[in-house]
Structure formats: C-alpha cells, structure tokens
Amino acid sequence: MQKHVILAAGGSGTRMGTEENKIFLSVCGQSVLSRSIQLFDRLIDNMMIVCRKEDLSGIENIVSSSSVSFSIHITTGGPSRQSSVLNGLKALQASPDDIVLVHDAARCLTPRSVIQSVLESCIAHGSGVPGIPAVNTMKKSDDGQTISCTVDRAHLYEIQTPQGFRYNTLLEASLRAEKDHFSATDDASIAEYCGIPVFLTFGSRQNIKITEKEDLPIVNAILDNKTLSHRIGMGYDVHQLTANRKLILCGVDIPYELGLLGHSDADVALHALMDSMLGAAALGDIGKHFPDTEEQYRGISSLVLLQKTYEYVRNAGYILGNADITIVAQKPKLAPYIPQMIRNISDLLQCSPSQISIKATTTEKLGFEGRGEGISAQAVCLLCRAD
C-alpha cells in the first residue's frame, strides 16, 4: 500500500491582490509551494501537483530544486478545484487500496502531526479529515444583510486539508459527483454525497490557508517564531582503538584489524551525535542517560541508544532539523561506508537523508588519531520546535 498526495495548486492571486498565483509568494524567504511540498517529506511515496497551464514552468522550477524523499509529478487541472482533483486522481498511478491525501497548496504550515493523524485514520477507517471545533458564535443570514438565526456551534467544526481516502473510494465518488453535476468545495463533501463514512481527525489552528492579504503577515509571524525556536547543539567523543573489538561507526560494521573500546559498542560517531542532540535540548549528555556503570548498556548497539535519545528530544518538543558529523581517523578509509551510515541515521530518525551529513578526515598522522591510537568524532545538530 502506497501513500499519495494530490496537491491542489490551481489557485490565483485574485483575493490576494497579486497578479501571480499565491503559491509563488515568498514567506520567510521560501515559496509557499516549496514549503507545502516539504510538509510531506518521509511521509508519502508520490505527489501529483495539479495546476494551471500558465503556472507549469514556475512549478517545474520549484520542483526541480526540491529535495524530498518522494517522486513528484505535475498535471494540469480543470475549471474548478473539484475537476482539478479528479484530473489528479486520473493521472495517479495508484492501486485501489492505496491512500490518497488531497491538500491545498496554499496551506504551507500544516503540522506533521496533522498529516500523520489523517494517514492513520485512512489506514484504520478508510478516510480521515482534519477539523478544529468552531470557537466563534455562528449566525445564519438568508439575505446577506440581516441575521436569520444563531447556529449552535457545539457540533460544528472548521474543516481543513489534507483530506484522505482510499484511492478507489475517492475516484469512484468523484466520478459519480461529476456525472450527477454535484458541486462541492472539498473532497469530504463528495464522500458524504456518496454515502461514504468520513472520519474526523484533529486539525490545528496553525493550519492556515493563505487566501487574503491579511494571512501573509500571520504566516510570516508563525514562521519567524519557529525560527526563534531553533536550538543548536554540539557533541564530541573519542574512543581508543584496540584488538579483539569490532569497529562500528554510525551503525556500520567496518572491516578492520582494530575496534573501538567502550562499555557499549563504542560507536564514537553516534555518541557525538547523541551528545549534540541532548545538548541542543538542554537534556544533559549520554553519560547522564546511559551511564557505563549500568550492565544493561554493556555491548548495546548505539543505534538503540540513538533511538532512545531521540525519544527524549521529541518528548521535549523538538525534531531534528539537520546534523553534521565529522569522523577523525587515520585508518581505515571510511568513504565507501558513508552512504550506509547516512541511511542508518535517517531511517532511525525518520528524516530525509539530505538532513544528515557525514564527513571523514585524517590528521595527517598528527595526534592520537594520526598514530592510530583512537578515533574521535564531532557533531553539530539543529533542533526545531515540533509543529
């Protein structure tokens, strides 16, 4: 079962008072579209962007510079959002039971937790639509001038995207709506029209759809606040090289006559990374959390410790922005093993490989590393506020 996203990007800048599509507007130095694409990194397998013909070139330029874990395709839409989404569904190479999320490209601040909740609901129930309880008093006007009545808001929700369904379910419902000339403003309405159960998931007040001019300063303010919520940490570790030990770096067992001495597997690179993450979150160091006086950590894989470390970081409210690791060793040559090291870390931390950098260097035979007595590692990481 694969997970797809149809990104509805066929809007215009009419209500924004701009001549270009609002998805090309810059918020905190990055286009709305680029930010919307990045929301789904490491969460899906495939994205289909649906847009106007006149926007194809601009979107292709943004897609070509996007570094994400999934494939991106582009197709043109129709005269309405509903017809555009149907075009996207027809263009998808999806299996009947695959999950399809439909998302407004103008929602570039959607928290990952909202997307994950929708995906989980689709897997469990076949649908998932995020919503937030209405907080304002709701009134109805029949003529647009006078109030007809006050609507009880107790059971009212403001519905957002992404909205998720099984592929075949949404495709058949959309085709029926088209045949019946039923018009809707979102995909959940089409499902409701066809009698398909729509399950509600939690949304977020941060999940703003950029529609009016007044929305831009709000989005910029939120992003500015996120920027201020970034924390940087650094870590350093060193282990002695000795006989009769495995040489394990970033979870890779490297063939060599010597290995690193330590209470655990002595993975010096991961130890430096863990210390940098704990330091950034002001959570102490690995000695505090995994003391070498405790038997349970004897010979343990540092990948296990890294996973536990990341749990501490997540519980503190942060996710990894990026990490840069430098391994200092005269021997052996480490370059052939670096791609696997990056995969090990990115898979465990559920991030893109592009967020992990690993370099190996020598000291030109100077110092204990140069004499082959040990290996050291340094790491710097950036943590970002989750959501």
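Values in this document were obtained by computation on a predicted structure and should not be read as measured data. Residue indices begin at 1 and follow the sequence shown.
Using cut-offs of 30° and 60° on the angle between ring planes, the pair H103 and F40 is perpendicular. Between Y297 and F290, the two ring planes are perpendicular [angle over 60°; tilted spans 30° to 60°].
For D347 (side chain) and Q350 (main-chain N/O), no donor-acceptor pair under 3.5 Å exists by modelled atom type. Side-chain atoms of S121 never come within 3.5 Å of backbone atoms of S117 as a donor-acceptor pair (strictly under, hydrogens ignored). Using a distance-only test at 3.5 Å, with no hydrogens or angles considered, a donor-acceptor pair links the side chain of N220 to the main chain of C28. Not a single donor-acceptor pair under 3.5 Å links the side chain of S95 to the backbone N or O of D97. The backbone N or O of S31 sits nowhere less than 3.5 Å from a side-chain atom of S34 that would complete a donor-acceptor pair. Listed for the T161 side chain is no donor-acceptor partner under 3.5 Å among the backbone atoms of Q163. Between the side chain of E192 and the main chain of V198, no donor-acceptor pair closer than 3.5 Å is present. The main-chain N or O of G287 is found under 3.5 Å from a side-chain atom of D285 such that the two form a donor-acceptor pair. Listed for the R231 side chain is no donor-acceptor partner under 3.5 Å among the backbone atoms of L383.
Within a 6.0 Å radius of CD in Q296, more than 12 heavy atoms belonging to other residues, nucleotides or ligands are found. Crowding of D143 atom CG: a count of heavy atoms from other residues, nucleotides or ligands under 6.0 Å exceeding 12. Atom NZ of K139 sits in a crowded spot, with more than 12 heavy atoms from other residues, nucleotides or ligands closer than 6.0 Å. Around atom NZ of K359, more than 12 heavy atoms belonging to other residues, nucleotides or ligands sit under 6.0 Å away. For I232, the CD1 atom counts as loosely surrounded, since its 6.0 Å shell holds 12 or fewer non-hydrogen atoms of other residues, nucleotides or ligands.
Residues L278 and I286 have side chains in contact (heavy-atom distance under 4.5 Å, counting atoms from C-beta outward). In this structure, H4 and L101 have side chains that are not in contact, with every pair of non-hydrogen atoms separated by 4.5 Å or more. Taking the side chain as every heavy atom from C-beta outward, I115 and P162 approach each other to under 4.5 Å. T76 places none of its side-chain heavy atoms less than 4.5 Å from the side chain of V50. Side-chain contact between I319 and R314 is present, with heavy atoms from C-beta onward closer than 4.5 Å. Here the side chains of I59 and L33 are in contact, with some heavy-atom distance below 4.5 Å. Within the 4.5 Å cutoff, the side chain of H239 has no heavy atoms near those of the I375 side chain. A heavy-atom distance below 4.5 Å is found between the side chains of C351 and I356.
Considering every non-hydrogen atom in both M138 and L156, the closest pair reads CG-CD1, 3.7 Å. Taking each heavy atom of L56 and C51 in turn, the nearest pair found is CD2-SG, 3.8 Å. Across every non-hydrogen atom of G144 and S141, the tightest pair is N-OG, 2.9 Å. Among all heavy-atom pairs drawn from I123 and R166, the shortest one is O-NH2, 3.4 Å. In this structure, N21 and R52 approach most closely via the heavy-atom pair CB-NH2, 3.8 Å. Nearest heavy-atom pair across S67 and D41 is O-OD2, 4.5 Å.
For the residue pair Q378/T326, the side-chain donor-acceptor check at 3.5 Å is not satisfied. Checking K140 against S148 by side-chain atom types alone, no donor-acceptor pair falls below 3.5 Å. Donor-acceptor pairing under 3.5 Å is lacking for the side chains of S302 and D267. Side-chain contact check for D186 and S189: at least one donor-acceptor pair (N or O, by modelled atom type) lies under 3.5 Å. With no hydrogens or angles considered, no side-chain donor-acceptor pair links D292 and H263 at under 3.5 Å. A donor atom on one side chain and an acceptor atom on the other are found under 3.5 Å apart for Q30 and Q38. Inspection of the N315 and E311 side chains reveals no N or O donor paired with an N or O acceptor under 3.5 Å. Side-chain contact of Q340 with R343: a donor-acceptor pair under 3.5 Å is present, judged by distance alone.
The pair R298-E295 meets the salt-bridge criterion, since a charged nitrogen lies less than 4.0 angstrom from a carboxylate oxygen. Salt bridge D45/K3: absent, no basic N to carboxylate O contact under 4.0 Å. With respect to the salt-bridge test (charged N to carboxylate O, under 4.0 angstrom), the residues D265 and R245 do not qualify. Between K288 and D275 there is no salt bridge, since none of the side-chain N atoms of the basic residue sits less than 4.0 Å from a carboxylate O of the acidic one.
Within the model, atoms CG of N207 and CD of E158 stand 11.0 Å from one another, a figure rounded to the nearest 0.5 Å. Atom-to-atom distance recorded for D104:CG and S36:OG is 9.0 Å, nearest 0.5 angstrom. The distance from atom CG of L349 to atom CE of M277, rounded to the nearest 0.5 Å, is 5.0 Å. If you take CD on Q206 and CD1 on I218, they are separated by 12.5 Å, rounding to the nearest 0.5 Å. Note that CZ of F165 and CD1 of I190 are 8.5 Å apart. Values are rounded to the nearest 0.5 Å. In this structure, L25 CG and D215 CG are separated by 11.0 Å, a value rounded to the nearest 0.5 Å.
A cation-pi arrangement is present between R176 and Y193 under the rule of less than 6.0 angstrom and at most 45 degrees off the ring axis.
Both V268 and Y256 sit in one connected hydrophobic cluster of ILVMFWY residues. Membership requires side-chain heavy atoms under 4.5 Å apart, directly or through other members. One hydrophobic cluster, built from ILVMFWY side chains closer than 4.5 Å, holds both V313 and L306. Grouping the Ile, Leu, Val, Met, Phe, Trp and Tyr side chains by contacts below 4.5 angstrom, directly or via other members, places V118 apart from V129. Hydrophobic clustering keeps V68 apart from I342 (ILVMFWY residues linked when any side-chain heavy atoms are closer than 4.5 Å, directly or through intermediates). If you chain together hydrophobic residues whose side chains sit under 4.5 Å apart, L273 and L249 fall into the same group.
Remark: aromatic rings of Y312 and H289 are close, center separation under 6.0 Å.
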Check the pair V135, R205 against side chain to side chain contact (heavy atoms under 4.5 Å, CB included), reporting the backbone distance first and the verdict last.
CA-CA 11 Å; V135 295; R205 301 202 180 276; 3.0 Å; yes
L270 vs I345, side chain to side chain contact (heavy atoms under 4.5 Å, CB included): CA-CA, chis, key distance, verdict
CA-CA 9 Å; L270 289 189; I345 296 174; 3.9 Å; yes
Evaluation steps, side chain to side chain donor-acceptor pair (under 3.5 Å), between E369 and T363
CA-CA 7 Å; E369 300 103 330; T363 61; 4.7 Å; no
Which is it for L89 and L170 under the side chain to side chain contact (heavy atoms under 4.5 Å, CB included) test, yes or no, and what are the steps along the way?
CA-CA 8 Å; L89 287 167; L170 185 56; 3.9 Å; yes
Please evaluate residues V114 and T201 with respect to the criterion side chain to side chain contact (heavy atoms under 4.5 Å, CB included), reporting the C-alpha separation (whole Å), side-chain torsions for both, the decisive distance (0.1 Å), and the verdict.
CA-CA 8 Å; V114 170; T201 66; 5.7 Å; no
